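From a predicted model like this one, the values you see are computed outputs, not experimental measurements.
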Amino acid sequence: MDSHFDPQAIERPLYAEWEARGWFAPADAAAPYCIAIPPPNVTGRLHSGHGFQQTLMDALIRYHRMSGRGALWQMGTDHAAIATQMLVERQLATEGKRPEDIGRDAFVARVWEWYERHGGEISEQLRRMGSSVDWGRDRFTMDEGFQAAVREVFVRLFDDGLIYKKKRLVNWDPVLGTAVSDLEVESEEEDGHLWHIRYPLLDGARTAAGADFVVVATTRPETLLGDTGVAVHPDDERYQHLIGAQARLPLVGRTLPIVADAHVDPEFGTGCLKITPAHDFNDYEVGQRHGLAVLNVFHADATINDDAPEAYRGLDRFAARKAVVADLEELGLLESVEPHRHAIPRGDRSNAVLEPWLTDQWWVDIAPLAAPAIAAVEDGRIRFVPKQFENVYFAWMRDVRDWCISRQQWSGHRIPAWYDPEGRAHVGRDEAEARRRAGLDPEVPLTQDPDVLDTWFSSALWTFATLGWPERTPDLARFHPTDVLVTGYDIIFFWVARMIMMTLRFMDEVPFRTVYIHGLVRDADGVKMSKTRGNGLDPLDIVDGIGLPELVAKRVADLPQRQMAEHIEATTRRDYPDGISAYGADALRFTYCALASPGRDVNFDLSRVEGYRNFCNKLWNATKFVLMNLGETGPSDAPARLGLPDRWIRSRARQMLEAVTRAVDTYRFDLYANAVYEFAWHEYCDWYLELTKPVLWDEGTNPAGARGARRTLLEVLDILLRAAHPIMPYITETLWREQAAAAGGAGESVMLAPFPQPGDLDDDPEADAAIEWLKAVVVGVRTMRSELGVPPRTTVPLLLQGGGEVDRLRLDATETLLRRLAGVETIDWLEAGTDAPPASVHVVGDLTVLVPLKGLIDVEQERARLSKEVDKSGRDLNRVRGKLANEKFVTRAPEQIVAAERGKEADLAGKLAALRAQLERLEAL
RNA sequence: GGGUGUUUAGCUCAGUUGGGAGAGCGACGGCCCUACAAGCCGUAGGUCGCAGGUUCAAGCCCUGCAACACCCACCA
């Protein structure tokens with residue numbers, strides 16, 4: 001074996017082998033366990049969030065596969081309709097073309113080309129992370145089966161009256177030229193203005209203050225062109241006499257009725273509200289209540305249409321705003337302008353300011369779907385981990401509004417509706433069915449609805465459509481409901497909620513029993529990773545490494561804003577002066593697991609990866625140590641005897657496995673990783689390997705003991721590697737095969753080996769206590785040596801004082817080990833009544849451990865150290881005595897707590913006495 | 001406006017039923033000792049956000065406050 005762990009050398013060949021041998025497919029005749037992957041965009045690239053999420057899923061899948069389940073990790077990708085539309089449009093733009101220049105069919109062909117050209121990238125990246133997805137069952141949300149599923153769902157929902165077409169206000173993206181759903185609106189506070197505009201009153205009406213106009217306030221003066229009313233609060237004394245009066249709309253001249261509506265807040269602005277039903281959601285409601293006209297003044301691209309005065313026609317909305325304001329000012333109708341901070345709705349894809357716009361769209365009537373979906377979580381058929389996300393889910397679901405599912409784009413699932421010459425819509429699984437259902441003659445021409453469906457409509461069918469629905473496939477019967485969904489809180493509404501609704505509707509069962517919600521990956525400073533900030537880390541750059549020039553080039557490529565490039569380059573050069581090393585997939589995966597604390601975002605820090613890469617190296621070298629110490633014959637059937645260290649490490653391994661299984665059961669990937677790390681490094685390596693050395697190197701006097709140590713070294717290493725495999729598959733596979741070969745055991749792969757169980761090993765309290773005693777003495781001696789400046793290779797004499805029978809027995813059992821680990825030359829007991837020589841002292845329970853100074857030591861320094869120890873012990877003792885002096889404590893606290901405190905008191909008193917005695921001795925020198 | 005989360009060592013974070021504050025990284029000192037310098041040994045560092053309360057006992061339970069982050073709703 002090489003002296004260093006080199007992930008580059010082992011990872012790719014292993015993955016290729018696993019895949020080629022079909023080991024990712026679920027075992028037959030085993031209890032099923034299934035996770036459906038949240039489908040990455042087919043043309044996307046792997047980012048940190050993916051890496052994180054897939055690591056957690058792969059850990060679960062590998063764990064359950066090893067635990068004997070028929071584990072299926074269902075693979076698939078998403079067609080990402082809007083994202084792809086934008087990419088292909090951008091590609092066309094470089095050729096100087098617009099989509100309409102080439103037509104729908106050619107455009108759709110381009111989209112498919114795009115899928116085919118880029119579709120493989122994400123799969124390769126998943127492989128590089130070690131993800132054990134079942135490639136044989138790979139699906140795509142636009143594949144034939146999915147198209148059938150989508151049409152089936154659409155038709156059935158339509159037939160049940162849960163899909164309908166209706167003209168109403170929607171969130172309109174004027175840049176993309178499509179409606180979007182409520183969820184795709186991102187509102188951010190931005191600095192704007194509040195314009196106060198005078199609307200002249202008609203027929204001699206006056207305000208209470210005597211003015212012949214009312215003043216309305218608006219943040220969007222251009223919408224004035226579509227005003228059809230003015231509203232005041234019904235109880236507003238200032239305006240009550242104007243209710244029913246009329247005002248004249250400036251610039252347009254239209255007559256506006258003044259209506260009373262409780263929606264108006266008398267405290268805001270002047271208490272007068274202009275009503276633009278076609279361009280504001282609240283105004284629309286007000287308009288409906290009062291029968292106001294709905295006058296649309298925008299084209300689809302938010303330029304002013306022909307229903308506005310000629311002067312503004314064709315102007316972009318922002319140009320129109322300027323013109324309107326200027327004209328109002330000219331006319332003396334602009335009373336004032338004040339700065340005003342308010343929320344601006346923007347499209348999550350285009351970042352364009354959205355407009356409420358009146359259009360015909362397809363909708364899902366959501367309430368009948370939401371009710372059973374709420375119930376499924378309420379009654380525990382689905383549970384969220386962490387639990388608090390159930391409240392997030394409930395809050396949204398209980399107030400959810402109808403879902404706008406049609407998009408005015410070309411990329412995506414086309415809506416299965418056809419129009420006859422009279423414009424009536426006929427829904428069907430295909431045109432023939434639509435015609436048949438409508439009883440239309442073959443010669444009646446039909447045209448299909450031009451719109452496509454919201455991408456999330458097909459995603460909502462993910463768990464069951466991937467398994468074959470609407471066919472009743474064996475996979476569907478076996479693996480649905482899936483066991484757990486692993487996803488981020490950012491798509492609970494987009495995806496999780498909709499999957500639950502659709503699955504309950506069409507499968508009559510839940511899509512998954514558990515929803516594990518993980519945090520989002522941020523950079524080391526807690527800032528969200530994003531392309532524009534240039535602070536993102538590509539997981540594969542951490543796995544395979546990347547040079548600084550390449551990293552800089554990658555981060556500044558395709559930046560929306562050129563001026564950011566300079567800044568990003570500077571920070572990149574500062575943060576990664578040498579680029580990024582190839583840490584390997586195992587180290588990265590271990591990091592993701594270790595950082596996966598529930599309900600928290602992950603602040604991703606490369607230094608953690610480095611630490612866990614070092615951990616990989618530690619495992620590597622530990623295995624090397626074990627293999628090189630197997631001796632000539634390796635393990636044999638000759639009698640073996642387990643020594644205390646062997647019994648201890650087995651007992652500790654059992655406790656590690658208890659922690660691990662508990663952690664996996666509760667989705668505590670962080671505790672899982674920590675338990676493995678702690679055991680492997682600080683127990684197996686730091687102590688156990690060291691404890692075996694005296695035994696192995698003194699084989700002649702104790703061959704059975706050496707055999708016991710060898711056997712234990714191998715067995716515990718085997719357990720450790722199996723326990724760690726779900727987190728770090730590559731290195732564990734490599735080392736496990738070495739180990740298995742040396743042990744002469746069977747088994748081709750650690751990923752097919754059984755996951756170790758606590759019951760495989762025995763608890764051994766006696767060995768635990770003995771080795772803990774030994775460790776305490778060794779650490780005590782080491783501390784004294786270090787503080788006294790004794791060179792590592794110099795052995796020291798050791799004196800033991802006090803202590804009981806147990807201490808003597810333990811010394812007898814571990815003396816050889818103690819000598820080696822503490823660098824001790826001689827060990828002598830001081831008889832009772834004998835004065836101790838001047839010495840450095842350390843107390844372990846009743847036992848006092850002394851390293852005589854013999855004049856070659858800095859007495860002053862030791863005195864200072866002892867004083868500190870005396871002070872600390874004195875403080876501890878005082879605290880314990882204070883507690884015990886408290887009558888309430890003694891009478892009310894549980895007996896065992898009180899007894900423990902009394903024990904502590906005795907220990908501390910003894911320790912203090914021993915320390916003081918030694919301190920006095922030193923001071924007498 | 002409503003809601004959720006966070007606040008523990010210089011940094012990033014654990015702390016599972018309330019019973020003597022932990023890890024990793026970083027810092028400091030000493031070591032190339034026959035698995036590992038990607039290592040070994042040791043040391044320092046915290047009034048657990050603030051103020052109350054419950055309790056014999058609070059990092060943990062309750063109340064209030066503050067700061068930060070996020071979600072939902074949007075008074076134009």
Side-chain angles (χ1 to χ4, degrees), chain A residues 1 3-5 187 189 194-195 216-220 223 231 263-270 272-276 280-283 340 342-343 345 386 388-389 391-392 395-396 399 489-490 492-493 519-520 522 524-526 528 581 583 587 594-595 597 599-605 607-608 610-629 659 662-663 666 668 670-671 674 677-678 682 685-686 689-690 693 697 779 782-787 789-793 823 876 879-880 883 886-894 896-898 900-901 904 908:
Chain A
M1 288 177 70
S3 74
H4 276 69
F5 159 64
S187 286
E189 293 253 306
L194 194 57
W195 284 270
V216 300
T218 182
T219 53
R220 304 173 57 210
T223 62
H263 162 69
V264 181
D265 177 4
E267 304 295 319
F268 188 90
T270 60
C272 274
L273 179 61
K274 66 191 267 308
I275 302 296
T276 321
D280 182 283
F281 289 103
N282 287 313
D283 290 7
H340 184 67
H342 61 127
Q388 75 246 21
F389 288 105
N391 292 328
V392 177
W396 187 74
D399 198 29
Y489 55 75
D490 53 333
I492 290 176
F493 308 144
L520 306 185
R522 300 171 179 279
D525 302 316
K528 202 168 176 175
S581 314
Y583 292 108
L595 294 176
S597 299
R600 277 190 97 106
D601 284 346
V602 171
N603 292 347
F604 190 85
D605 190 343
S607 69
R608 294 292 290 259
E610 186 174 353
Y612 293 127
R613 188 273 317 264
N614 294 352
F615 176 60
C616 292
N617 193 46
K618 193 73 178 173
L619 286 180
W620 186 269
N621 280 293
T623 303
K624 196 168 77 177
F625 172 86
V626 172
L627 297 182
M628 72 199 304
N629 280 290
R662 188 167 55 239
T666 52
R668 289 300 305 268
D670 56 336
L671 299 184
N674 284 340
Y677 183 96
E678 184 67 22
H682 296 306
C685 290
D686 283 354
L689 295 192
E690 296 304 320
K693 287 176 183 177
W697 295 349
V779 168
R782 280 178 182 166
T783 303
M784 291 187 281
R785 294 177 53 115
S786 179
E787 297 276 321
V790 179
R793 312 205 58 160
D876 289 349
R879 197 179 53 233
V880 171
K883 229 175 188 180
N886 182 344
E887 199 187 324
K888 285 180 176 172
F889 172 73
V890 179
T891 55
R892 296 196 195 178
Q896 47 187 1
I897 298 290
V898 177
E901 288 297 315
K904 267 186 234 167
L908 283 167

Expressed as a whole number of angstroms, how long is the span from [X]:[atom1] to [N]:[atom2]?
X        : N      : atom1 : atom2 : result
A/Glu690 : B/rC36 : CD    : C1'   : 11 Å
A/Arg220 : B/rC75 : CZ    : C1'   : 15 Å
A/Asp283 : B/rC74 : CG    : P     : 13 Å
A/Gln896 : B/rU17 : CD    : P     : 17 Å
A/Trp697 : B/rU34 : CH2   : P     : 8 Å
A/Asp280 : B/rA76 : CG    : C1'   : 7 Å
A/Asp876 : B/rG20 : CG    : P     : 12 Å

Is the phosphate of [N] approached by [X] (side-chain N or O, under 4.0 Å from OP1 or OP2)?
X        : N      : result
A/Arg613 : B/rC25 : no
A/Arg608 : B/rC25 : no
A/His340 : B/rC75 : no
A/Arg600 : B/rA14 : yes
A/Ser597 : B/rA14 : yes
A/Lys274 : B/rA76 : no
A/Lys904 : B/rG19 : no
A/Lys693 : B/rC33 : no
A/Asn614 : B/rC36 : no

Which atom of [X] lies closest to which atom of [Y], heavy atoms considered:
X        : Y        : answer
A/Arg785 : A/Arg793 : NH2-N, 4.4 Å
A/Ser187 : A/Pro345 : OG-CA, 3.8 Å
A/Asp686 : A/His682 : OD2-ND1, 2.8 Å

Subject >> First of A/Ile897 and A/Asn886 reached from the 5' end of RNA chain B, by closest nucleotide >> reply: A/Ile897
Original post:
More 5' along RNA chain B: A/Asn603 or A/Phe268, using each one's nearest nucleotide?
Top reply: A/Asn603
**OP:** Would you mind telling me which of A/Leu627, A/Asn629, A/Asn621, A/Thr623 makes a side-chain contact (heavy atoms from CB on, under 4.5 Å) with A/Phe625?
**Re:** A/Asn629
Choosing from [options], which nucleotide comes nearest the side chain of [X]?
X        : options                : value
A/Leu273 : B/rA76, B/rC36, B/rG20 : B/rA76
A/Asp265 : B/rA76, B/rA35, B/rC41 : B/rA76
A/Leu908 : B/rC25, B/rG20, B/rA76 : B/rG20
A/Asp686 : B/rC40, B/rA35, B/rA76 : B/rC40
A/Arg522 : B/rC75, B/rC70, B/rC36 : B/rC70
A/Ala622 : B/rC71, B/rC75, B/rA35 : B/rA35
A/Leu671 : B/rC70, B/rA14, B/rC36 : B/rA14
A/Pro792 : B/rG42, B/rC31, B/rC75 : B/rC31
A/Asn617 : B/rU7, B/rC41, B/rC36  : B/rC36
A/Lys624 : B/rA35, B/rU16, B/rG24 : B/rA35

Subject >> C1' spacing across the pair B/rU12 / B/rU7, given as an integer number of angstrom >> reply: 14 Å
Subject >> Gap in Å between the two P atoms, one belonging to B/rG24 and one to B/rU43, rounded >> reply: 13 Å
**OP:** Could you please name the partner base of B/rU7, counting Watson-Crick and G-U wobble pairs only when both distances are under 3.5 Å?
**Re:** B/rA66
Subject >> Parallel, tilted or perpendicular: ring planes of A/Phe493 versus A/Trp396, cut at 30 and 60 degrees >> reply: parallel
Original post:
So with a 6.0 Å cut-off around CD of A/Glu189, is the heavy-atom count from everything else above 12?
Top reply: yes
Subject >> Step-by-step ring pair (Phe, Tyr, Trp, His ring centres under 6.0 Å) determination, A/Tyr677 to A/Tyr612 >> reply: CA-CA 9 Å; A/Tyr677 183 96; A/Tyr612 293 127; 5.6 Å; yes
Original post:
When we call it a touch if two heavy atoms are under 4.0 Å apart, what does A/Cys685 touch: a base, just sugar-phosphate, or nothing?
Top reply: base
